[in-house]
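Quick notes on the structure that follows.
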Amino acid sequence: MRGRNLLGELDTFLAGREHELIDFRRDLHMHPELAFAEYRTTQRIAERLTAAGLVPSVLPRGTGVICEVGSGDGPTVALRADIDALPVPDEKDVSYSSTVPGVCHACGHDVHTTILLGTSLFLAQQAEAGLLPGRVRLIFQPAEELPGGALEVMASGGISGVDRIFGLHCDPRLDVGKVGLKAGPITSACDKVSIRVSGPGGHTARPHLTADLVFALAKILTELPAALSRRVDPRSSLSLVWGRVEAGSVANAIPDDGIAEGTVRCLDETAWHAAPDMIKTLLESVASAYGVEAEMDYVRGVPPVVNDEVSVQMLAEAAEGVLGEDSAVPTEQSLGGEDFGWYLESIPGAFARLGTRTPGSTLLADIHQGTFDVDESAIGAGVRFMAATALTALWEGRRPSAAAEPLMALNLDN
Ligand code: NI
């Protein structure tokens, strides 16, 4: 990269530090902590960063760490790892199994944390040698699974002054050494909607004297998803699906209230922003047609992660440089949620999938399962990839921009 032997520098770094990083990951794996309770994890991260001469700061709630490497002019690039575990029992028979009953790093966040730590140590060396052309903000984010940790980081000013942000997630369907990339949306949104309807109840012999609430609720349950599907671009895959409905207690009495709950899933950011108002308007029109009152409680989940195209190119360039020419492969948008999407609502960036499967293996332990584990050589691959991504983004960010052009024009005139 830029005439430098980045690959060789990474090889040397990892030859000395890879075992230590694997030990660090196993320690986190044995001591998993749930969202916003990652105190031990936070302490371990801060200790390692401090020992490397960096100055980490812990987020106001006491979990999660932000730390900056480098100084001076140049762009600021952020790298983010999530640090929390899941309320899932560990079912693996390994020496580093979880020691906390019912809690496990079943989503690989221990691996993400270790990769970012390794990347931090490498970048600290680069900065010391005067080789870092800007600043790298390291974000060890708490509570991705809640979700909400990204909002906590943002409320603490964690991405202010950041030009571009990158993150990754373990992918057990990809071999170690491969990274899955996609421009545009790569994860989905999932919100919860709860509807309460009310109106005069009475005897089923005289529905005309009541709001006939069960009938009205049934209309809402069927009309709302149908009408919604005709109001948005079908490519957004906005779908309202009911999971719970409750009204009445006996066959011959019309109740005076009822409730329906469901989820709203969406692949597209624009449709996601429009969804609550659209659903509310449709609900009011169906409810008024049947003479019932309807109230809606809409709980936002995470937005889809929408990858910026230029940032994805940087990820691809980095992967090619340090993992091999064919290391970057296309990946698909998943219906899962990831709170990295909150950052990308404010600044450009991209999220990648990191291969964690042993090449040749046919075993598939998916994330969020108690059997999930990774091929630990993914840690070294992840460090190479993240370090190269940060350096690529810093160098690209320094390329002559519009601001530099007038000066060149002036030189020509002279
Ligand atoms: Ni995860």
Side-chain angles (χ1 to χ4, degrees), residues 25 28-29 31-38 41-42 45 63-65 78-92 98 100 102-117 119 138-153 165-174 176 178-182 185-190 265 301-307 315 331-344 349-357 364-376 378-379 381-382 385-386:
R25 181 256 166 168
L28 294 187
H29 201 86
H31 303 95
E33 294 172 303
L34 293 173
F36 286 130
E38 311 96 331
T41 309
T42 295
I45 297 164
T63 70
V65 176
L79 302 177
R80 172 274 208 174
D82 39 14
I83 67 172
D84 55 327
L86 279 168
V88 170
D90 196 338
E91 293 169 23
K92 301 186 302 297
S98 170
V100 185
V103 182
C104 173
H105 269 294
C107 201
H109 297 189
D110 53 336
V111 177
H112 308 163
T113 304
T114 306
I115 289 170
L116 186 56
L117 176 71
T119 307
L138 310 155
I139 301 173
F140 294 89
Q141 183 209 299
E144 192 281 322
E145 299 285 0
L146 204 55
L151 295 174
E152 182 78 7
V153 168
I165 186 165
F166 296 94
L168 55 73
H169 203 290
C170 291
D171 187 343
R173 293 159 305 167
L174 268 182
V176 171
K178 301 280 184 200
V179 292
L181 303 181
K182 181 183 183 298
I186 186 169
T187 65
S188 305
C190 179
R265 285 176 195 272
V302 293
V305 171
V306 182
N307 280 343
L315 287 170
T331 190
E332 289 181 343
Q333 183 173 14
S334 83
L335 274 169
E338 159 63 61
D339 84 350
F340 192 80
W342 289 117
Y343 300 117
L344 299 189
F351 195 70
R353 300 211 168 100
L354 179 78
T356 58
R357 181 176 64 186
L364 176 65
D366 205 358
I367 52 172
H368 289 215
Q369 307 290 307
T371 50
F372 172 75
D373 204 356
V374 302
D375 181 322
E376 286 173 319
I379 292 171
F385 180 47
M386 288 307 262

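On a predicted model such as this, the values are computed, not experimentally measured, just so you know. Atoms within each ligand, like the ligands themselves, are counted from 1 in listed order. All values below were derived from every heavy atom in this structure, side-chain atoms included, with hydrogens, water molecules and symmetry-related copies excluded.
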With sequence neighbours excluded, what pairs up with [X] under the side chain to side chain donor-acceptor pair (under 3.5 Å) test?
X	result
D171	R173
Q333	none
T41	E33

* To do: Just say parallel, tilted or perpendicular for the rings of H109 and H105, cut-offs at 30° and 60°.
  => tilted
* Which atom of F372 lies closest to which atom of K92, heavy atoms considered ->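 Smallest heavy-atom distance, with atoms named: O-CD, 3.3 Å.
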* Indicate the atoms forming the closest heavy-atom contact of G64 with P142, along with that distance. =>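 For G64 and P142, the tightest heavy-atom pair comes out as CA-CD, 3.8 Å.
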* Count, excluding waters, the protein N, O or S atoms that are closer to the Ni ion (ligand 1) than 2.8 Å. => 3
